[in-house]
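Working notes, structure below.
Everything numeric in this text was worked out from a predicted model, so none of it was measured. Throughout, a chain's letter reflects where its sequence line sits, starting with A, and its residues are numbered from 1.
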Amino acid sequence: MGELGINVTNLIVQLVAFALFIYLFWKFALGPITNMKDQREERIGQSLDRAQEIERELQNTRAQNEEILNESRREAQTILQSARDLSEQNIARSREQAQVQADEMIEKARLALNAEVRQARSELRQEVADLAVLAATKIVRANIDREDQSRLIDEALAEAGGRNGSTPAGNA
Amino acid sequence: MDIHVSIAAETLFSIGPLNVTNSFLTMVIVMALILILGAWIARRATLKPNGYGQFIFESFVDFMLGIVENTAGKRVGRRIWPLIGSLFVFIILSNYSGLLPGVGTIYLEHEEAEESAQIAYVSQPGVQGPAIAQEDDGHHIVEVPILRSPSADLNMTLAMAILVIFIVQVAGIMAHGVGGRIKHMADPWWIFPLELIAEVSRIVSLSFRLFGNVFAGEVLVAVMIGIAAATWFAVVTLAVPTVFLFLEVLFGFVQALVFALLTLIYVALAVAGADEHGNPEESHGH
C-alpha cells in the first residue's frame, strides 16, 4: 500500500473533502444553474403553450371576423336592396302623383277653356245681336213695319246661328 | 534532464497524521477554483443567458443531465445528478490540471527518510532536474513537484470510488430496503458472495482505471518532453509533446466521462426494479 502511496488518513480526508465538495458545488453552482435551466424550460414550455393558445384564439377571431364580415355584407346587401326598392316605390309614387296632378291640371285647363269658349260665344252672340239690332235699326229707318222687323231679326239671327252652327259654342 | 516519476504523491509537509501531498494541494486548489468559478457564474446567471461562462456551464449541464436522465430515468437521474455532475467536473478539471504548465515542473526541497518508489530517471548531462542529496543520518533531501494532478494520486481516486460505491449501496437500500437489497444481490442465493466481490472490485476498477490512465498519461508526456529535450531538435521539441498533450486532453475527457457514466450505471442497476416496489411514477415513464 505504501508503494502505491495509499495513506488511510489522507484517504479519509480526501473522501470527506470530496463529499463536502459535492455538497458545496451542488448548493452554490450546479443546483442554481440546474434550477435556472428547469425554470427556463418551464418558461419556454409555458410560452409555447401560450403561443399555441394565442394562435387558436387568432384563428377563432379570424373565423369570427369572417363571419361578421359576411353578415355585414349580407346586411349591406339587404339594406341596399331595401333602399333600391324604396327608391323605386318613391319614384313610382311620385310618378303617380305627378300623373294625377297633370290630369287635374289638364282637367282644370279644359274646364277653363270651355268656360272661355262659352263666354266668347256669349259675347259673340251679344255682338251679333247688337249688329242685328243695328241692322234692324237701319232697316227700320228704311220704313219697314214691326212684323217685318221681327222677321228680319229672326232671319238675321238664324243666319248668324247657321254660320256659327258648326262650332261647339253653337250648342251652348 | 532528469525525469522524476513517483507512483505515490510526494509529501510537501505534514499536519499531524495528515500528509499534505502535492496532489492534495492541487485537489484543494482545483476544488476551490471550481467552487469559486461555479458560484460566481451561478450568481450572475439569468434566465436569458448573459455570458460565455453561463453558456459553457449550461452546455455542460445540458450534455450531462441529458445522459443521466436518459440512462437512469428522470426521477432517479435527478436525485443522482449532483453526484454525477460534481464527479465529472472535478475529474475532468483534475485531469487537465496535470497538463498545465508548472504542474509537475516546479519543485520544492523536501527531506525524506527513505526513497520513495521511483520508476525511472531519464538523465541528460547539463540539464538541472530534481536533485537527490544523501545526508549523513540516512535522510536525504529530494526536490518534489509542488503540484500534481489529483487524479494521479490513488488516494483521491480511491476516495471517490469508495464514496461512489457507498452511495450506490445507499441508493439500492433506499430503493429496495435492506432485505430487498440483499435479496437483489442474492438471487439465486449462491451468487451473493460473487456480488459482494463484484461490489468491492468496482472500487478497485474505478479507482485504478482513472489513476492508471492519468498517471500513465503524465508519465508519457513527461517522457516525451524528456526525449524531445534530449534530442536538442527544435521542431521535435515542440511537436511531439504537443501531440501527446492533445491526446491527454482527449483521454482526460474520456476518463472523466467513463467514471461518471459507470457511477451512473451502478446506481441505475442498484435501483433497477424499484418501480415494481412502490414507485408507480417511474414506471409510467416520468
Under 4.5 Å from any heavy atom of chain A, what part of B:R78 do you find: side chain, backbone, both or neither? side chain
Does the side chain of A:F25 come within less than 4.5 Å of B:M31's, by heavy atoms? no
Member of A:N7, A:V13, A:L4, A:L15 meeting the side chain to side chain contact (heavy atoms under 4.5 Å, CB included) criterion with B:N155: A:N7
Name the region of B:P49, side chain, backbone, both or neither, that has any atom closer than 4.5 Å to a heavy atom of chain A. both
Distance (rounded to the nearest 0.5 Å) between A:R40 CZ and B:E58 CD: 4.0 Å
Could you tell me if the side chain of B:L158 sits less than 4.5 Å from the side chain of A:Q14, heavy atoms only? no
Counting heavy atoms not belonging to A:R151, are there more than 12 under 6.0 Å from its CZ? yes
Inspect the surroundings of CZ in A:R74 and state if more than 12 heavy atoms from other residues, nucleotides or ligands are less than 6.0 Å away. yes
Roughly how far, to the nearest 0.5 Å, is CG of B:L65 from CG of A:L30? 8.5 Å
For A:G5 and B:A8 the tightest heavy-atom approach is CA-CB, 3.3 Å
Straight-line distance of A:I6 CD1 to B:I7 CD1, nearest 0.5 Å: 11.0 Å
Which bit of B:V89 is near chain A, if near means a heavy-atom gap under 4.5 Å: side chain, backbone, both or neither? side chain
At a heavy-atom separation under 4.5 Å, does B:W81 approach chain A through its side chain, its backbone, both, or neither? both
With a 4.5 Å cut-off on side-chain heavy atoms, are B:L83 and A:W26 touching? no
First locate atom CG of A:L24, then atom CD1 of B:I36, and finally report the distance between them rounded to the nearest 0.5 Å. 11.5 Å
Determine the minimum heavy-atom distance between A:A29 and B:G38, stating which atoms define it. CB-C, 3.4 Å
Tell me which of these, B:I167, B:L87, B:L37, has more heavy-atom pairs under 4.5 Å with chain A than the rest. B:L87
Heavy-atom pairs under 4.5 Å with chain A, option from B:V28, B:D62, B:D153 with the top count: B:D62
Measure the acute angle between the ring planes of B:F90 and A:F21, then classify it against the limits of 30° and 60° as parallel, tilted or perpendicular. tilted
Return yes when atom CD of A:E41 has more than 12 non-hydrogen atoms of other residues, nucleotides or ligands closer than 6.0 Å, and no otherwise. yes
Separation of B:L47 CG from A:Q39 CD (nearest 0.5 Å): 5.5 Å
Separation between CE (B:M27) and CG (A:N10), nearest 0.5 Å, reads 9.0 Å
Side chain, backbone, both or neither: which part of B:F211 has a heavy atom under 4.5 Å from chain A? neither
Tell me whether A:E96 at atom CD has more than 12 heavy atoms from other residues, nucleotides or ligands lying less than 6.0 Å away. no
I'd like to verify something: which residue of B:V61, B:I162, B:L35 has the highest number of heavy-atom pairs under 4.5 Å with chain A? B:L35
